[in-house]
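Each remark here refers to the structure printed beneath this line.
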Amino acid sequence: MTVPQRLLTTAEAAEFVQLSQPHLEKCRCYGTGPRFVRLGRSVRYRIEDLQAWIASGLTESTSEPGRAA
């Protein structure tokens, strides 16, 4: 038997990635945020998806394509 993963609420996920909850909600609407799980009307985030989203934003220069200067 595997141990169930802990799912974070939007508020907890926002705290985890150090962004505001409204910002994370906008990212979800625009499709630019981390993957999420919808359980009925509730939205939850897996920690590994938040970590992957953070890692996808790693950059070494603001002059890289797609990065704001």
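Source: prediction; values computed, not measured. Every heavy atom of this structure was used, including side-chain atoms; hydrogens, water molecules and symmetry mates were not.
Nearest heavy atoms, Leu24 versus Ala14: CD2-N, 3.6 Å.
When the side chain to side chain contact (heavy atoms under 4.5 Å, CB included) test is applied to Ala11, the partners found at least two apart in sequence or on another chain are Thr9, Gln21. Under the salt bridge (charged side-chain N to carboxylate O under 4.0 Å, His left out) criterion, Glu25 pairs with no residue at all, not counting sequence neighbours. Taking Arg46 as the reference, Glu48, Asp49 meet the salt bridge (charged side-chain N to carboxylate O under 4.0 Å, His left out) condition, with sequence neighbours excluded.
Here side chain to side chain donor-acceptor pair (under 3.5 Å) pairs that include residues 28-38, with residues two or more places apart or in two chains, are Thr10-Arg28, Arg28-Tyr45. Contacts classified as salt bridge (Lys or Arg N to Asp or Glu O under 4.0 Å) and involving residues 7-24 (residues at least two apart or in different chains) are given here: Arg6-Glu12.
Apart from Leu7 itself, the hydrophobic cluster it occupies contains Val37, Leu39, where clustering links Ile, Leu, Val, Met, Phe, Trp and Tyr at side-chain heavy-atom distances under 4.5 Å.
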